[in-house]
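Because only heavy atoms are used, hydrogens play no part in the values below, and waters and symmetry mates are left out as well, while side chains stay in. All of these numbers come straight from a predicted model, not from anything done at the bench.
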Amino acid sequence: MAKQIKTIGVLTSGGDAPGMNAAIRAVVRTALNLGLKVKGIMRGYAGLLQEEIVDLESSSVSNIIYHGGTILYTARCMEFTTPEGQQMGAEICRKHGIDGLVVIGGDGSFRGAGKLAALGINTIGVPGTIDLDIACTDYTIGFDTAVNTAMEAIDRVRDTSTSHERCSIIEVMGRNAGYIALWCSFANGAEDVLLPERYDGNEQVLINRIIANRKRGKKHNIIINAEGIGHSTSMARRIEAATGVETRATILGHMQRGGTPTCKDRVYASIMGAKAAILLSEGKTNRVVAYKHGQYVDFDIQEALQMKKDIPEDQYEICKMLVQ
Ligand code: ADP
Ligand code: F6P
């Protein structure tokens, strides 16, 4: 028989992402509506192990939906990757009467969530990362805001790049995934894009294209480089030396993680947060909420973690046709 849940906890873990606050708000208000009590766990698993646990009411999540970041703060926690840390986490949940937990984060956070579920704490994951690198879902909280922020920043770099007739290498985040880079290559009309999933390291191809572009009168040359490839500054130096075209590197960095969440991130995060609270109220555990083929669905955590994701080949082919 499904375990009767009375009190749930919610935490954010790993890198923050715009829209996490909308998810927290939805978890809290949905759970309260279902007659559950809600506790906020500060600073992810680190705060759980430190017992940084607060009661959350409906008013605790007022006026947060339009703010970036996470009101619960977030952290990475090595101790929680150990069996002892996980055991302690489960005991602390029991001590505080937390019999269900929503974990908002990425794959790493879901591994931790799976461990807590195995130790008897009903746990549901909600995908929160700007990287879009969670295989079971077509949407992750924060990607839409991050990619719009990066797009606007790249437009600005493009203006100055054109004025100075320069080549610009612009590095975007994404860890080992190239989704932000791919989307920016489309949205910014880039001259080239380097994705960790596809780049073979052949810089000569890049150099030849810059020279050819310059010969046919291109004033700027925007190259989007994914963080997973990195080394933008040294790449810029080598490209300038080989092409004779003045080249600058811009690393967009953490500005991509902040700022007001887009409408899409607020709406999808709200629905996912609410779904997570509903799953807990139904006695479900060890699930991840996902958005797949236009539907909100949920998967077993271990199955979700085993799924593989790659840049869709048709999108990459179109991207290659459009960059020039
Ligand atoms: P993300 O959730 O964004 O992928 P991380 O990979 O940094 O971010 O993971 C966030 C946290 O999740 C880690 O700091 C750690 O506390 C926890 N975590 C990661 N991997 C595991 C694991 N294998 N077992 C238990 N907890 C884990
Ligand atoms: O996972 C989100 C992300 O911003 C990645 O794109 C990046 O690789 C990483 O986090 C940066 O982590 P930190 O904030 O610890 O520097």
Between [X] (side chain only) and [Y] (backbone N and O only), is there a donor and an acceptor less than 3.5 Å apart?
{"X": "T137", "Y": "T140", "result": "no"}
{"X": "R209", "Y": "E191", "result": "yes"}
{"X": "T30", "Y": "V27", "result": "no"}
{"X": "D131", "Y": "D133", "result": "no"}
{"X": "R214", "Y": "K218", "result": "yes"}
{"X": "Q256", "Y": "V147", "result": "no"}
{"X": "N21", "Y": "I71", "result": "yes"}
{"X": "T145", "Y": "T262", "result": "yes"}
{"X": "N188", "Y": "M151", "result": "yes"}
{"X": "R166", "Y": "T247", "result": "no"}

Rounded to the nearest 0.5 Å, what separation is found between the [atom1] atom of [X] and the [atom2] atom of [Y]?
{"X": "D265", "Y": "T260", "atom1": "CG", "atom2": "OG1", "answer": "11.5 Å"}
{"X": "H254", "Y": "I251", "atom1": "NE2", "atom2": "CD1", "answer": "12.0 Å"}
{"X": "T285", "Y": "D300", "atom1": "OG1", "atom2": "CG", "answer": "9.5 Å"}
{"X": "T160", "Y": "R248", "atom1": "OG1", "atom2": "CZ", "answer": "9.0 Å"}
{"X": "I121", "Y": "L280", "atom1": "CD1", "atom2": "CG", "answer": "11.0 Å"}
{"X": "E246", "Y": "S168", "atom1": "CD", "atom2": "OG", "answer": "10.0 Å"}

So if you build clusters from Ile, Leu, Val, Met, Phe, Trp, Tyr with side-chain heavy-atom gaps below 4.5 Å, do [X] and [Y] land together?
{"X": "I141", "Y": "I130", "result": "no"}
{"X": "L182", "Y": "I222", "result": "yes"}
{"X": "I5", "Y": "L48", "result": "no"}
{"X": "V103", "Y": "L36", "result": "no"}
{"X": "M321", "Y": "F186", "result": "yes"}

Non-hydrogen atoms of [X] and [Y] that approach each other most closely:
{"X": "A46", "Y": "A75", "result": "CB-CB, 4.1 Å"}
{"X": "A23", "Y": "I104", "result": "CB-CD1, 3.9 Å"}
{"X": "C167", "Y": "V245", "result": "N-CG1, 3.8 Å"}
{"X": "S109", "Y": "G14", "result": "OG-N, 4.0 Å"}
{"X": "I134", "Y": "P127", "result": "CD1-CB, 3.6 Å"}
{"X": "L56", "Y": "L32", "result": "O-CD2, 4.4 Å"}

Heavy atoms, side chains only, cut-off 4.5 Å: are [X] and [Y] in contact?
{"X": "V54", "Y": "M42", "answer": "yes"}
{"X": "V288", "Y": "I124", "answer": "no"}
{"X": "Y199", "Y": "L206", "answer": "yes"}
{"X": "I229", "Y": "M235", "answer": "yes"}
{"X": "V172", "Y": "N225", "answer": "no"}
{"X": "Q87", "Y": "E91", "answer": "yes"}
{"X": "L252", "Y": "M173", "answer": "no"}
{"X": "Y73", "Y": "T12", "answer": "no"}

N176 vs E227, side chain to side chain donor-acceptor pair (under 3.5 Å): CA-CA, chis, key distance, verdict
CA-CA 7 Å; N176 299 316; E227 177 189 24; over 6 Å; no
Taking the six-membered ring where the residue is Trp, are the ring centres of Y291 and Y268 under 6.0 Å apart?
yes
Tell me whether the count of non-hydrogen atoms from other residues, nucleotides or ligands lying under 6.0 Å of [atom1] in [X] goes above 12.
{"X": "Y296", "atom1": "OH", "value": "yes"}
{"X": "E313", "atom1": "CD", "value": "yes"}
{"X": "E240", "atom1": "CD", "value": "yes"}
{"X": "R216", "atom1": "CZ", "value": "yes"}
{"X": "K37", "atom1": "NZ", "value": "no"}

For salt bridge (charged side-chain N to carboxylate O under 4.0 Å, His left out), just list the numbers for R198 and D310, CA-CA rounded to whole Å, side-chain angles, deciding distance to a tenth of an Å, and then say yes or no.
CA-CA 10 Å; R198 297 288 187 281; D310 195 6; 3.3 Å; yes
Between [X] and [Y], do the side chains contain an N or O donor and an N or O acceptor separated by less than 3.5 Å?
{"X": "T81", "Y": "R76", "value": "no"}
{"X": "S161", "Y": "H220", "value": "no"}
{"X": "T74", "Y": "D16", "value": "no"}
{"X": "Q204", "Y": "N208", "value": "yes"}

Please step through side-chain contact (heavy atoms from CB on, under 4.5 Å) for the pair I239 and I169, ending with a clear verdict.
CA-CA 10 Å; I239 285 177; I169 301 181; 3.8 Å; yes
Working for side-chain contact (heavy atoms from CB on, under 4.5 Å), residues L49 and F80
CA-CA 8 Å; L49 298 187; F80 194 73; 4.2 Å; yes
Could you walk me through whether R238 and E203 pass the salt bridge (charged side-chain N to carboxylate O under 4.0 Å, His left out) test, one step at a time?
CA-CA 9 Å; R238 288 193 298 274; E203 231 163 73; 2.8 Å; yes
Among V28, L34, V38, N122, which residue meets the side chain to side chain contact (heavy atoms under 4.5 Å, CB included) test with I8?
V38
Is there a side-chain contact (heavy atoms from CB on, under 4.5 Å) between Y139 and K292 once you walk through the steps?
CA-CA 8 Å; Y139 166 83; K292 200 80 186 158; over 6 Å; no
Is a salt bridge present between K264 and D144, judged by a nitrogen-to-oxygen distance below 4.0 Å?
no
Could you walk me through whether I223 and V193 pass the side-chain contact (heavy atoms from CB on, under 4.5 Å) check?
CA-CA 5 Å; I223 301 173; V193 60; over 6 Å; no
Only one of R43, K39, K95 forms a salt bridge (charged side-chain N to carboxylate O under 4.0 Å, His left out) with E51, so which one is it?
K95
Distance under 6.0 Å and angle within 45° of the ring axis: does R266 meet both against Y66?
no
